[in-house]
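Below is one structure; the comments refer to it alone.
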Amino acid sequence: MVVDREKLIQIISEKSIMERVHQIADDISNQYKSEVPILIGILNGSFIFASDLVRAMKIDCEIDFIKVSSYSGTKSKGTVHLKKDISADITDRHVIIVEDIIDSGLTIRFIRERLLDAQPKSVSIVTLLMKPELVEIDFDVNWVGFEIPPHYVVGYGLDYDQKFRNLRGIFRLGGK
Ligand code: 5GP
C-alpha cells in the first residue's frame with residue numbers, strides 16, 4: 001500500500017508532544033536526582049523521542065541504543081529479533097528503556113527481559129505512545145506520553161515502511 005503525506009490525519013500536535021516530553025523529563029529528573037541513569041533507546045522509532053527527552057532532563061544521564069525488528073509494513077511478525085545490542089555495561093546501573101510505542105507489548109517484554117539478564121540496579125520504562133486496548137504485559141510502564149486508539153500511526157520517529165519519521169506531530173494513516 002502506498003501512503004501519501006497529504007492523506008495523513010494529525011492526532012497529536014508537535015506542541016502537545018513537546019509539553020508532555022518536558023513533563024516526563026521533569027518527573028524523571030526528580031526521581032533520579034542523585035543518580036546518573038542510563039537511557040536505552042529502541043531503534044529506530046524512538047530516536048527523536050530519546051533525543052528530545054535527554055535534552056529536556058535536568059540531571060546527568062547516559063544514552064545507548066538497542067535495535068530489534070518485529071514489524072513489516074503495519075503488521076507485527078509476532079517474533080522479535082535483536083539487530084544491535086547495547087554497548088554499555090548496565091550491571092548495577094539504573095536503566096530507563098525509551099520506547100516509541102507499545103502495541104502488543106511483545107517488543108518491550110523481549111527487551112526488558114534481555115536487559116534484566118545483565119543485572120541492572122533497576123529497569124524503568126518510558127514510552128511516548130501506548131495502545132492500551134492491545135497491550136498485554138505483566139509489569140509496569142512507568143511513564144506513558146499518550147494513550148491512543150489502536151490505529152497505525154507515524155511521525156516523530158515512527159515510520160510507515162521507513163517514511164514519515166521526520167514529521168513533527170503524530171499522524172494516523174488516512175482511510176478507515
Ligand atoms: P509491540 O511489540 O508492542 O506490538 O510493538 C512495538 C513496536 O512495533 C514499536 O517499537 C514500533 O516499532 C512498532 N509499532 C507498533 N505500533 C506501531 C504504530 O502504530 N506505528 C508504527 N510506526 N510502529 C508501530
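Worth saying up front: this structure is predicted, and the values here are computed from it rather than measured. Just follow the structure's listing: the first ligand is 1, and inside any ligand the first atom is 1.
Under the 4.0 angstrom criterion for non-hydrogen atoms, D100 is in contact with ligand 1. Residue-ligand proximity: I108 is placed with every non-hydrogen atom at 4.0 Å or more from ligand 1. Using a non-hydrogen distance threshold of 4.0 Å, I101 registers as a contact of ligand 1. By the 4.0 Å heavy-atom criterion, R109 is excluded from the residues contacting ligand 1.
For Q23, the side chain to side chain donor-acceptor pair (under 3.5 Å) partners at least two apart in sequence or on another chain are R20.
Note: no N/O pair closer than 3.5 Å links I102 and ligand 1 by distance alone. Between S104 and ligand 1, at least one N/O pair is under 3.5 Å apart.
There is no side-chain donor-acceptor pair under 3.5 Å between Y156 and D100. Side-chain contact annotation: H94 with S122, donor-acceptor N/O pair under 3.5 Å present.
Y152 places none of its side-chain heavy atoms less than 4.5 Å from the side chain of R172.
In the vicinity of G105, heavy-atom distances shorter than 4.0 Å reach the ligand 1 atoms 1 (P), 3 (O), 4 (O). Taking a cut-off of under 4.0 Å to the non-hydrogen atoms of K131, the atoms of ligand 1 that pass are 16 (N), 17 (C), 18 (C), 19 (O). When each atom of ligand 1 is checked for a heavy atom of H151 under 4.0 Å away, the hits are 19 (O). Ligand 1 places these atoms under 4.0 Å from at least one heavy atom of E99: 10 (O).
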Determine, step by step, whether Y32 and I96 satisfy the side-chain contact (heavy atoms from CB on, under 4.5 Å) criterion, reporting the C-alpha distance in whole Å, the side-chain angles of both residues, the deciding distance to 0.1 Å, and the verdict. CA-CA 11 Å; Y32 293 87; I96 305 173; 3.6 Å; yes
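The main-chain N or O of N142 is never found under 3.5 Å from a side-chain atom of S124 such that the two would form a donor-acceptor pair.
Listed by first and then second residue, the salt bridge (Lys or Arg N to Asp or Glu O under 4.0 Å) pairs involving residues 137-149 are R109-D138 (not counting sequence neighbours).
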